[in-house]
Participant: 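This is the structure I want to talk about, given as structure tokens.
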2 protein chains.
Amino acid sequence: MIVLLLFLRLKYSEMQNLLKNLKVVVHDKLYLKDPETSDLGKRIVGESITLIDDMGFECFTFKKLGDRIGSNESSIYRYFENKHKLLLYLTSWYWGWMEYRLVFATNNISDSKEKLKKAIDILSEEVKEDSTYSHIDEKALNAIVINEYSKSYLTKEVDKENKEGFFAIYKRLVGRVKDMILEAQPDYGFAASLASTTVEGVLHQHFLMQHFSSLTSCSKTVAPKDFFTDLLFSSLNLETHA
Amino acid sequence: MIVLLLFLRLKYSEMQNLLKNLKVVVHDKLYLKDPETSDLGKRIVGESITLIDDMGFECFTFKKLGDRIGSNESSIYRYFENKHKLLLYLTSWYWGWMEYRLVFATNNISDSKEKLKKAIDILSEEVKEDSTYSHIDEKALNAIVINEYSKSYLTKEVDKENKEGFFAIYKRLVGRVKDMILEAQPDYGFAASLASTTVEGVLHQHFLMQHFSSLTSCSKTVAPKDFFTDLLFSSLNLETHA
DNA sequence: CAAAAATAATAGTAATACTATCATATTTGC
DNA sequence: GCAAATATGATAGTATTACTATTATTTTTG
């Protein structure tokens, strides 16, 4: 689906309408039953996002989610094996959504520097509205990714789950950033590390802004985007202006 | 203690002997009873490091630790309130140890670029030996910091715990890196973000080397140090060679 | 409208994360 | 050397978590 978009030239404003008719595809072993196929499934996904955002992933349980959506714990277990898989599902969805927006926003830019700059914009901008999908609050999901994403891979099962492909979307996204870096500067020797540092670092800087302001230069006037644009263009030895 | 060292000129080889007579000081509300003051306490700290490294923080319990050290769960609870506090204790200790090594290795360097380069070395080098302290396996502790550190602050209690000073050592360390960045390039506008990105990013690159090799440029021949040295010197607009 | 599928309700289990109490060692201060 | 204090160990108990299993009740659909 996303590949198709490379041949399209659509205005940014049309993206939201388009996305409404597309489904972000996540690995089908992350769920027992596709939550997109039923009303209950959508409520599970939708309310789990706001609940995890409210209480944090550690405190979140399927029992509490059941109470919240007026359903039963056992029904939730028919959609997701456990809350770890649910987190993988939600964050995969997020990265799929991010990848879509990244590809969409950059596909019609021919200048490699402009393209990279746009990519940094998309990756680091604060998500402000939960607009695109009716049942998914993208702003809350963005907060979850900032606060919980690393818990999804900092586990003893990471190699097994990686082999199963549970991190495929994230890896593909980092790979796209890496490719854009190399397009802008083919000689650069650390493209993969710079890409992963950027994707991860953006989340970290947002976290620091909220909880450790002395550890970040970002504030109301300086955005993570400014820091990372400077960082990437300096290390690639490129001028910031096109 | 560390301040004193600024006025000393000791060989690197003497550091280990010196450290043996110094105690890394962590926040005293992280423990109920100082584990350094008893044999049991040292076994708790020492064995918790290898046990967490072996089984991961999620699977680790005080009951299992009690079994391992031939002691009782209830005795461990007299030293640490819970395993979260123990993790904060261990990681604080690690960052205190790192800060010590950083200050020691850089204090006698007058050239600001050389100093920064040395700081990157210390921060990003793989810890190979558990040499300095008899009861602490620094190599295993380094692995714990790579795999578990972010779990210590990605919690709902982070602001309260930050106010209590539980992250003071880490913040001071990042502050030192920030100061060195500004010493080398006073005009640079994102010193705090570059410092936090480096300290955090080094851990992340080590993790990626172990589990997501496609997301990093680091390998057996390229060290995280090489990437971060290039990254910092480029963004500070400095030449790598002194 | 009957059969199938989805959901809800209930019960039960093993493990976790503790707290409380009491018993027994070990240390120490006189 | 002994009593008092302190440290450690053993046992028991609780609420919660993270499930699994079974059965009952709705809802959907051919």
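Each chain gets a letter, A, B and so on, in the order the sequences are listed, and its residues count up from 1. Here the structure is a predicted model, which is why all the values come from computation and not from measurement.
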Participant: Without decimals, in angstroms, what is the distance between A:E36 CD and C:dA6 C1'?
Facilitator: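 From A:E36 CD to C:dA6 C1': 18 Å.
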Participant: Any idea which heavy atoms bring A:D159 and B:Q210 closest together, and the distance?
Facilitator: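 Closest approach of A:D159 to B:Q210: OD1-O, 4.4 Å.
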Participant: For this output row, return yes or no: ring centroids of B:Y170 and B:Y149 closer than 6.0 angstrom.
Facilitator: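 Judged by ring-centre distance (under 6.0 Å), B:Y170 and B:Y149 do meet the cut-off.
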Participant: Whether A:R172 and A:E99 form a salt bridge (side-chain N of Lys/Arg under 4.0 Å from carboxylate O of Asp/Glu) is what I want to check.
Facilitator: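 A:R172 and A:E99: salt-bridged.
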Participant: Pairs of donor and acceptor atoms involving the side chains of residues 51-60 of chain A, under 3.5 Å and at least two apart or interchain, shall be tabulated with distances.
Facilitator:
unit_1: A:E58; atom_1: OE1; unit_2: A:K151; atom_2: NZ; d: 3.0
unit_1: A:E58; atom_1: OE2; unit_2: A:K151; atom_2: NZ; d: 3.3

Participant: Provide, to the nearest angstrom, the distance between the CG atom belonging to B:L86 and the P atom belonging to C:dT16.
Facilitator: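 Nearest whole value for this atom pair: 16 Å.
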Participant: Please enumerate all residues that pass side-chain contact (heavy atoms from CB on, under 4.5 Å) together with B:D67, with sequence neighbours excluded.
Facilitator: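 Once residues adjacent in sequence are excluded, the partners of B:D67 under the side-chain contact (heavy atoms from CB on, under 4.5 Å) criterion are B:K63.
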Participant: Under 4.0 Å, heavy atom to any atom of DNA chain C: which of residues 37-45 of chain A qualify?
Facilitator: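 Residues of residues 37-45 of chain A under 4.0 Å from DNA chain C: A:S38, A:L40.
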Participant: To the nearest Å, how far apart are B:N72 CG and D:dG9 C1'?
Facilitator: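 Answer to the nearest Å: 5 Å.
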Participant: Let me have a per-nucleotide readout for nucleotides 19-30 of chain D, 5' to 3', with B, S or -, counting only protein heavy atoms under 4.0 Å.
Facilitator: BBB---------
Participant: What's the shortest heavy-atom distance between B:S38 and B:Y79, and which atoms?
Facilitator: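 Closest heavy-atom pair between B:S38 and B:Y79: OG-OH, 2.5 Å.
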Participant: Measure the shortest side-chain to side-chain distance between A:F227 and B:L194 over non-hydrogen atoms and say whether it is less than 4.5 angstrom.
Facilitator: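 A:F227 reaches B:L194 side chain to side chain.
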Participant: Specify the residues of residues 47-64 of chain A, ordered by number, for which at least one heavy atom lies under 4.0 angstrom from an atom of DNA chain C.
Facilitator: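 Correct list: empty, so none.
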Participant: Taking all non-hydrogen atoms of both residues, which atom of B:H211 and which atom of A:N162 are closest, and how far apart?
Facilitator: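 Minimum heavy-atom contact is O-ND2, 3.2 Å.
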Participant: How many Å lie between CG on B:L32 and P on D:dT6, as a whole number?
Facilitator: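 So the two atoms are 17 Å apart, to the nearest Å.
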Participant: Please identify each residue that fulfils salt bridge (Lys or Arg N to Asp or Glu O under 4.0 Å) with A:E81, with sequence neighbours left out.
Facilitator: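 By the salt bridge (Lys or Arg N to Asp or Glu O under 4.0 Å) rule, A:E81 matches A:K85.
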Participant: Should the ring pair B:F212 and B:F207 be called parallel, tilted or perpendicular, given that the plane angle runs from 0 to 90° and is split at 30 and 60?
Facilitator: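 Plane angle between 30° and 60°, so tilted.
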Participant: Using whole Å, what does the distance between atom P of nucleotide D:dT8 and atom CG of B:L65 come to?
Facilitator: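 The answer, rounded to whole Å, is 14 Å.
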Participant: Looking only at side-chain N and O atoms, does A:K33 come under 4.0 Å of OP1 or OP2 in C:dT7?
Facilitator: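 So the side chain of A:K33 is within the cut-off, an N or O lying under 4.0 Å from OP1 or OP2 of C:dT7.
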Participant: Can you tell me if the side-chain N/O atoms of B:Y79 get under 4.0 Å from OP1 or OP2 in D:dA7?
Facilitator: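 Checking B:Y79 against D:dA7: no side-chain N or O falls below 4.0 Å of OP1 or OP2.
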Participant: Step by step, would you call A:Q205 with A:S217 a side-chain hydrogen bond (donor to acceptor under 3.5 Å, both in side chains)?
Facilitator: CA-CA 9 Å; A:Q205 292 298 311; A:S217 314; over 6 Å; no
